[in-house]
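Just below is one structure, and these are the notes that go with it.
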Amino acid sequence: MALEPGLYVAATPIGNLRDITYRVVDALKEADLILCEDTRQTAKLCAAYGISTPRAPYHDHNADKVRPEIIAKLKAGDAICLVSDAGTPLISDPGFKLVRDAREAGIAVTPLPGACAAIAALSAAGAPTDRFLFAGFPPPKEAAREKFLEGLSRERATLVFYETGPRLADSLSAMHAAFGDRRAVVARELTKIHEEFRAAPLSALAA
């Protein structure tokens, strides 16, 4: 059964390919087009589930150029799925301008929920979850990172960050300087064979 026309924001696995919903698989199969952060990455997922829907790139480098074309397709009645390389689109990934423009054009936007690395990590970290703030990636440059973290130092909530492996030690040291030696958790390789959670004071994690 064909999808109703509109934009579908579809969450994909963050590691383990089985962490995808039946609804997302059905939508990816039935859509007219899948918009991908990286078509090569999405091709692996599609191959695993026998999805032959056409794919096209949508990322920070081409978004401004192709967004009007996508809106035109949606207005013409296409059903289009937006995915990121892993997890829920728009969460530290491109896409919010497409969703905004679609809504402003009167196009239906439907979330297809599923995996999200930030929520998965928070659920198993043993940190308070009654109030949390997702802060995304800290800036890579030292001065900008210090200013960014200082702005969060008075937040009375669990703070959730994304960071790359090569920058992790520097970011943990900067967090120690900004927040004091509070307990923190580093979660890596979520849902994969080598999944790891390491909890300790920030000074120990940085070291």
Side-chain angles (χ1 to χ4, degrees), residues 9-20 36-38 40-42 44-45 57-61 63 82-99 111 113-207:
V9 184
T12 57
I14 58 176
N16 191 316
L17 283 180
R18 296 180 69 187
D19 291 336
I20 192 168
C36 317
E37 188 178 358
D38 184 334
R40 296 165 299 180
Q41 190 70 21
T42 304
K44 299 174 187 176
L45 177 68
Y58 184 83
H59 45 68
D60 282 336
H61 302 295
L82 173 68
V83 302
S84 64
D85 285 349
T88 301
L90 278 70
I91 309 302
S92 277
D93 283 313
F96 93 88
K97 291 180 181 178
L98 177 60
V99 170
C116 174
I119 299 300
L122 183 63
S123 72
T129 56
D130 56 326
R131 177 176 173 144
F132 62 91
L133 188 154
F134 174 65
F137 284 93
K141 294 186 177 179
E142 184 177 357
R145 182 170 56 222
E146 289 177 0
K147 183 177 181 181
F148 170 76
L149 295 174
E150 177 60 29
L152 295 169
S153 63
R154 294 173 183 80
E155 287 287 343
R156 299 183 64 82
T158 296
L159 302 176
V160 183
F161 300 93
Y162 285 166
E163 188 53 287
T164 65
R167 296 204 303 254
L168 181 59
D170 287 343
S171 281
L172 288 169
S173 295
M175 289 174 190
H176 179 218
F179 306 146
D181 209 16
R182 69 167 70 175
R183 178 185 183 272
V185 180
V186 173
R188 61 183 290 273
E189 296 291 291
L190 292 175
T191 77
K192 300 177 185 178
I193 294 173
H194 300 294
E195 178 180 275
E196 179 183 9
F197 285 79
R198 186 171 298 187
L202 277 168
S203 60
L205 290 172

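You'll find the side chain of His176 stays beyond 4.5 Å of the side chain of Pro201, heavy atoms only. Contact of the Leu205 side chain with the Arg198 side chain is registered, since non-hydrogen atoms from C-beta on lie closer than 4.5 Å. Residues Phe161 and Pro138 have side chains in contact (heavy-atom distance under 4.5 Å, counting atoms from C-beta outward). When side chains are defined from C-beta on, Leu122 counts as touching Phe132, because their heavy atoms get closer than 4.5 Å. Phe137 has its side chain out of reach of Phe148: every pair of non-hydrogen atoms, C-beta onward, lies at least 4.5 Å apart. Between Val9 and Val99 there is a side-chain heavy-atom pair separated by less than 4.5 Å.
Smallest separation of non-hydrogen atoms from Ala184 and Leu202: CB-CD2, 3.6 Å. Minimum interatomic distance between Leu149 and Ala178 (heavy atoms only, all atoms of both residues): CB-CB, 3.8 Å.
Ile14 contributes atom CD1, which lies 12.5 Å from atom CD1 of Ile91 (distance to the nearest 0.5 angstrom). Here the NE2 atom belonging to His194 is positioned 7.5 Å from the CD atom belonging to Glu189, to the nearest 0.5 angstrom. Once rounded to the nearest 0.5 Å, the distance linking CG of Leu190 with CD of Glu196 reads 10.5 Å. Here the CD-CZ distance, from Glu155 to Arg131, works out to 6.5 Å after rounding to the nearest 0.5 Å.
For Tyr162 and Phe134, the ring centers are positioned less than 6.0 Å apart.
A salt bridge links Glu150 with Arg154: at least one charged nitrogen is closer than 4.0 Å to a carboxylate oxygen.
A donor-acceptor contact shorter than 3.5 Å links the side chain of Arg145 to the backbone of Pro140. Formation of a donor-acceptor pair under 3.5 Å by the Glu163 side chain with backbone atoms of Leu168 is not found in this model. Between the side chain of Thr191 and the main chain of Asn16, a donor-acceptor pair closer than 3.5 Å is present. A donor-acceptor pair is defined here as one N or O able to donate and one able to accept, closer than 3.5 Å; such a pair exists between the side chain of Thr158 and the backbone of Pro128. Between the side chain of Asp85 and the main chain of Asp38, a donor-acceptor pair closer than 3.5 Å is present. With Thr88 contributing its side chain and Ala115 its backbone, the two residues share a donor-acceptor pair below 3.5 Å.
Counting non-hydrogen atoms of other residues, nucleotides and ligands closer than 6.0 Å to CZ of Arg183 gives a total above 12.
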